[in-house]
Amino acid sequence: MGANISEIKWLTVSITLTLTAISLSAYVLKRKWNGLNSKIEELEASLKSCIDKCASERQGRIRAQQALRKEATQSQPKSENLNLTRYPMTPIGVVHSCFSTRNGTPRQPLLVPLARACLVFNTTRVPPASLEGLAEYSHCWILYVFHLNTDLDKLWKNPSKSGFKAKVRVPRLKGERKGVFATRSPHRPCPIGLTVAKVEAVQGNMILLSGVDLVDGTPVLDVKPYLPYCDSIQEATVPNWLLEDNLLSVASISFSEDFTSALKNCWIMAEKKSLYASSGEFQSLIKQVLSWDIRSLSQRNRPHDTLLKKENDELLGNTSDLDEHQDETTLVHEREQNALNSNEIIYHVILEGLDVSYRIDHDGNVIVEDINYCCPGQ
């Protein structure tokens with residue numbers, strides 16, 4: 001009986017000690033929990049303070065930018081406020097294209113599927129990471145500057161005295177004039193172009209493109225992915241004069257007997273820097289380019305004496321401006337003064353620095369005669 005009482009006492013003591021230990025542990029845990037809650041509250045308060053500070057700084061920057069724009073606008077003469085507010089833009093990249101001069105560069109994108117270019121970005125402004133994901137799209141939009149316009153400097157420095165013409169000659173209408181905003185003429189109040197191209201590959205800071213209508217050296221302002229669901233407008237309409245697709249196409253293209261051997265001789269050096277894998281592929285490019293009548297309006301209306309240096313200069317790089325800036329009297333006079341047989345006239349197109357010479361008869365049949373390296377400066 002005494003032994004049982006002793007066991008009960010020891011059991012009671014053990015239970016008491018256990019409960020005491022549990023109470024102490026609970027007390028310690030509660031203090032730690034309270035301490036953690038206090039730290040969490042402090043961190044939340046600190047985070048809220050940082051967020052409020054960032055928001056305040058952002059609002060401050062926005063107000064400062066708005067005040068700067070307002071000051072810049074108000075500092076201009078009142079009559080010119082709307083016209084002379086400027087938004088400086090610096091090109092982010094340059095196009096290296098198969099088209100060495102404006103003459104021969106397609107008038108619209110995707111007309112020459114083999115027309116290739118490499119768009120190289122300035123990595124100090126556009127890190128390669130900016131191009132991640134672009135290769136998943138088939139096509140992209142490109143915003144660029146018509147940098148070869150002869151009136152570019154005057155247009156930007158003194159717009160009011162640039163002599164900008166509201167109407168331009170339209171090749172499809174044989175010289176009839178239309179308002180500049182109803183055309184895609186490069187001669188615009190703001191000489192900015194918009195084109196679409198196929199994305200062949202993205203490599204580092206470069207985009208390989210095809211179907212381009214960009215001349216070599218074109219400065220690029222921006223690139224955006226082409227989105228079929230919103231960029232393709234099924235119900236879009238155009239004027240009737242644009243519906244006749246064959247107006248500027250040629251009847252046939254053939255190559256002279258000596259052309260193939262001349263191309264092979266040039267290709268020995270040209271292939272090192274070429275965008276094309278073989279001379280045969282390059283010849284296919286020539287065929288695609290010349291499948292459209294690339295001559296300017298003035299060239300189609302009258303023959304050119306290719307023995308004269310002035311005419312050669314026009315053929316090799318300054319034909320676009322002639323279409324827009326020559327008056328009708330000049331054109332009529334030149335037609336009367338140049339009565340050569342069109343079958344005898346040699347025209348030129350420069351592709352990747354190679355001078356391709358060809359003839360075109362009255363029926364629109366093109367005969368590609370020869371190919372040579374361009375002389376420096378052409």
Side-chain angles (χ1 to χ4, degrees), residues 95-120 138-140 142 171 195-203 206-218 245-296 299-300 315-317 319 346-361 363-374 378:
V95 170
H96 298 290
S97 165
C98 62
F99 299 108
S100 303
T101 66
R102 287 177 299 179
N103 180 52
T105 303
R107 290 183 172 90
Q108 304 296 341
L110 306 179
L111 292 180
V112 180
L114 274 176
R116 294 176 187 164
C118 179
L119 171 51
V120 182
S138 65
H139 294 76
C140 67
I142 301 170
T195 189
V196 66
K198 185 178 180 182
V199 179
E200 296 290 350
V202 177
Q203 300 175 354
M206 300 183 299
I207 306 176
L208 302 180
L209 305 164
S210 66
V212 300
D213 59 346
L214 301 170
V215 69
D216 189 56
T218 296
D245 293 334
N246 62 345
L247 281 177
L248 296 177
S249 61
V250 302
S252 69
I253 302 174
S254 61
F255 294 85
S256 69
E257 295 181 359
D258 298 330
F259 179 82
T260 302
S261 59
L263 176 57
K264 287 182 178 178
N265 291 335
C266 292
W267 193 252
I268 296 174
M269 294 297 294
E271 67 175 334
K272 296 178 181 179
K273 297 181 179 180
S274 179
L275 294 167
Y276 300 88
S278 66
S279 59
E281 191 176 36
F282 187 79
Q283 185 168 340
S284 296
L285 168 69
I286 296 172
K287 189 171 183 178
Q288 286 188 8
V289 170
L290 295 180
S291 65
W292 300 91
D293 191 344
I294 62 174
R295 296 175 300 171
S296 68
Q299 288 173 340
R300 291 198 304 275
L315 291 170
L316 292 175
T319 59
I346 301 296
Y347 297 97
H348 298 263
V349 59
I350 314 294
L351 300 172
E352 289 199 322
L354 297 179
D355 181 359
V356 179
S357 55
Y358 68 97
R359 293 183 290 112
I360 182 168
D361 62 23
D363 297 321
N365 299 298
V366 172
I367 302 94
V368 184
E369 296 285 357
D370 199 4
I371 184 169
N372 295 284
Y373 285 109
C374 284
Q378 285 187 342

Evaluate Met269 against Tyr373 for side-chain contact (heavy atoms from CB on, under 4.5 Å), listing each step before the verdict.
CA-CA 10 Å; Met269 294 297 294; Tyr373 285 109; 2.7 Å; yes

Working note: Ser274 + Trp267, criterion side-chain contact (heavy atoms from CB on, under 4.5 Å); need CA distance, chi angles, decisive distance, verdict.
CA-CA 9 Å; Ser274 179; Trp267 193 252; 3.2 Å; yes

What verdict does the side-chain contact (heavy atoms from CB on, under 4.5 Å) test give for Asp213 and Leu111, after you've listed the backbone C-alpha separation in whole Å, the side-chain angles of each residue and the deciding distance to 0.1 Å?
CA-CA 8 Å; Asp213 59 346; Leu111 292 180; over 6 Å; no

Is there a side-chain contact (heavy atoms from CB on, under 4.5 Å) between Val215 and Ser97? Walk through the geometry before answering.
CA-CA 6 Å; Val215 69; Ser97 165; 5.8 Å; no

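Side chains of Ile286 and Leu351 form a contact here, defined as non-hydrogen atoms less than 4.5 Å apart. Between Val368 and Val356 the shortest side-chain heavy-atom distance falls below 4.5 Å. Counting heavy atoms from C-beta outward, Cys140 and Leu209 have side chains that approach closer than 4.5 Å. Looking only at side-chain heavy atoms (C-beta outward), Ile346 and Tyr358 stay at 4.5 Å or farther from each other. The shortest side-chain heavy-atom distance between Leu214 and Leu119 does not fall under the 4.5 Å cut-off. By the 4.5 Å heavy-atom criterion applied to side chains, Asp370 and Ser256 are not counted as neighbours. Looking only at side-chain heavy atoms (C-beta outward), Val289 and Phe99 come within less than 4.5 Å of each other. Residues Leu263 and Phe255 form no side-chain contact, since every pair of their non-hydrogen atoms from C-beta on lies 4.5 Å or further apart.
The closest donor-acceptor contact from the side chain of Gln283 to the backbone of Thr260 lies at 3.5 Å or more, if one exists at all. In this structure a side-chain-to-backbone donor-acceptor pair under 3.5 Å is missing from Thr195 to Pro109. Remark: the backbone N or O of Arg116 is paired with a side-chain donor or acceptor of Tyr276 at under 3.5 angstrom.
With no hydrogens or angles considered, a side-chain donor-acceptor pair links Asn365 and Ser252 at under 3.5 Å.
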